[in-house]
Amino acid sequence: FHVGFSQSWTRNYEYVDDWSSGLAKAGKDQKVGFVDTKGNVVVAFVYDEAFAFSDGFAAVKKGGKWGFIDSTGKEIIAASYIETGCFSEGLAKVKKNGAWGFIDKEGKTAIDYKFNNAGRFMNGLAPVCNEKGMWGYINKNGSWFKCGEVFCSGSKSRTATGNNFQVISQCCFFIFLHVERLNKGD
């Protein structure tokens, strides 16, 4: 159990995760669903796996494929993806036909499926890995930026050329304020 240790209703479930958007992911009979703060089932226990709600949607897996539901349990984006991440800043990373891309909240492709790996958007940028194994950041239009070198030691981080960086997420993810666009041939 992650939350509600002292609440008697939590004993009705195999586990209850942390709260997100007023709901907690819970497990029962080897399936996943979502409950409210009183333990009432809001989203039925019909999923094999699920992520917490983010940007109003939860990624859910059923029958070996991932899709997205809203907080009432209504399927918003059909389960058709091999892998997925959570929505962040209106986009979610999804894997289809062996490559990662990004979809919008209507399930439309926002950034083509062309990456070996991808992270979620934060402050307008997402980390991605191209077919050559090179990591960098893209913006919401899919344009590449090359990251500056970062040294991380405990809680202190700095670039090789000093303190000319901008924090874009926690735990040592930085990018120079002066970014270099990658050419397609790089």
Side-chain angles (χ1 to χ4, degrees), residues 17-27 31-36 41-147 166-171 173-175 179 181-186:
D17 257 347
D18 295 327
W19 303 104
S20 177
S21 301
L23 299 175
K25 180 175 77 167
K31 292 292 182 181
V32 178
F34 290 86
V35 297
D36 65 15
V41 176
V42 177
V43 177
F45 292 89
V46 296
Y47 299 104
D48 302 320
E49 292 182 56
F51 294 138
F53 279 89
S54 176
D55 262 11
F57 296 91
V60 291
K61 185 177 185 181
K62 190 174 183 182
K65 298 284 184 172
W66 288 88
F68 293 87
I69 60 170
D70 67 13
S71 60
T72 67
K74 179 182 176 189
E75 182 183 275
I76 301 300
I77 299 170
S80 62
Y81 302 101
I82 298 167
E83 291 183 61
T84 189
C86 297
F87 270 94
S88 177
E89 298 186 12
L91 299 176
K93 69 175 189 169
V94 292
K95 190 173 188 180
K96 200 171 194 177
N97 300 323
W100 288 93
F102 292 84
I103 60 170
D104 64 20
K105 290 185 174 186
E106 294 178 356
K108 295 177 185 171
T109 301
I111 299 172
D112 288 334
Y113 301 93
K114 59 184 176 182
F115 304 108
N116 287 351
N117 206 340
R120 69 185 190 132
F121 274 91
M122 186 173 281
N123 295 322
L125 298 172
V128 293
C129 180
N130 69 12
E131 68 282 351
K132 295 178 183 178
M134 185 175 179
W135 279 91
Y137 286 86
I138 59 169
N139 63 20
K140 290 184 179 183
N141 295 323
S143 298
W144 278 88
F145 293 92
K146 186 176 180 181
C147 297
Q166 176 184 5
V167 177
I168 62 169
S169 69
Q170 296 178 354
C171 190
F173 288 103
F174 299 92
I175 187 168
V179 294
R181 284 192 181 270
L182 291 174
N183 294 324
K184 287 186 177 182
D186 286 352

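Just so you know, these numbers use all the heavy atoms, side chains as well, and skip hydrogens, waters and symmetry mates.
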Quick one: are Glu83 and Val94 in side-chain contact, heavy atoms under 4.5 Å? no
Using a 4.5 Å cut-off on heavy atoms from C-beta on, say whether the side chain of Lys62 contacts that of Val46. yes
Got a donor-acceptor contact below 3.5 angstrom from the Ser20 side chain to the Phe53 backbone? yes
Measure the OG1-CH2 distance between Thr84 and Trp100 for me, rounded to the nearest 0.5 Å. 6.5 Å
With the side chain counted from C-beta on, respond yes when Ser71 and Val42 share a heavy-atom pair under 4.5 Å apart, and no when they do not. no
Quick check for you: to the nearest 0.5 Å, what is the distance between Ile69 atom CD1 and Lys74 atom NZ? 12.5 Å
Closest heavy-atom pair, Ala52 versus Phe34, reported as atoms and distance to 0.1 Å, is CA-CE2, 4.5 Å
Testing the basics here: between Thr72 and Asp70, what is the closest heavy-atom pair and its distance to 0.1 Å? OG1-OD1, 2.6 Å
Give a yes or no on whether the backbone of Ser143 and the side-chain of Asn141 come within a donor-acceptor separation of less than 3.5 Å. no
Within this structure, what is the NZ-CG distance for the pair Lys114 and Asn130, rounded to the nearest 0.5 Å? 10.0 Å
Using every non-hydrogen atom in the two residues, find where Ile138 and Ile111 come nearest and quote the distance to one decimal. CD1-CD1, 3.8 Å
Distance check, rounded to the nearest 0.5 Å: Lys132 atom NZ versus Asn116 atom CG? 12.0 Å
Please give me the minimum heavy-atom distance between Ala92 and Phe68, naming the atom from each residue. CB-CZ, 3.8 Å
Grab the two heavy atoms, one from Tyr81 and one from Gly107, that are nearest each other, plus how far apart they are. OH-O, 3.9 Å
Decide yes or no on side-chain contact (heavy atoms from CB on, under 4.5 Å) for Leu23 and Asp36, but give the supporting numbers first. CA-CA 5 Å; Leu23 299 175; Asp36 65 15; 4.3 Å; yes
Validation row: Val35, Phe45 side chains within 4.5 angstrom (heavy atoms): yes
Relative to the ring of Phe51, is the ring of Trp66 parallel (under 30°), tilted (30 to 60°) or perpendicular (over 60°)? parallel
Correct closest heavy-atom pair for Ala50 and Val32 would be CB-CG1, 3.6 Å
Do the side chains of Ile76 and Phe57 get nearer than 4.5 Å, heavy atoms only? yes
Taking the side chain from Ser21 and the backbone from Gly56, do they hold a donor-acceptor pair closer than 3.5 Å? no
For Ile82 and Lys96, run side-chain contact (heavy atoms from CB on, under 4.5 Å): C-alpha distance rounded to whole Å, both residues' side-chain angles, the deciding distance at 0.1 Å, then the answer. CA-CA 6 Å; Ile82 298 167; Lys96 200 171 194 177; 5.6 Å; no
Any side-chain heavy atom of Trp135 sitting closer than 4.5 Å to one from Cys129? yes
Checking Lys25 side chain against Ala58 main chain: does a donor-acceptor pair fall under 3.5 Å? no
Could you tell me whether the side chain of Arg120 reaches within less than 4.5 Å of the side chain of Cys86, counting heavy atoms only? no
Listed by chain and number, what are the ring pair (Phe, Tyr, Trp, His ring centres under 6.0 Å) partners of Tyr47, not counting sequence neighbours? none
Applying side chain to side chain contact (heavy atoms under 4.5 Å, CB included) between Leu91 and each of Asp104, Ile103, Asp55, report the one that passes. Asp104
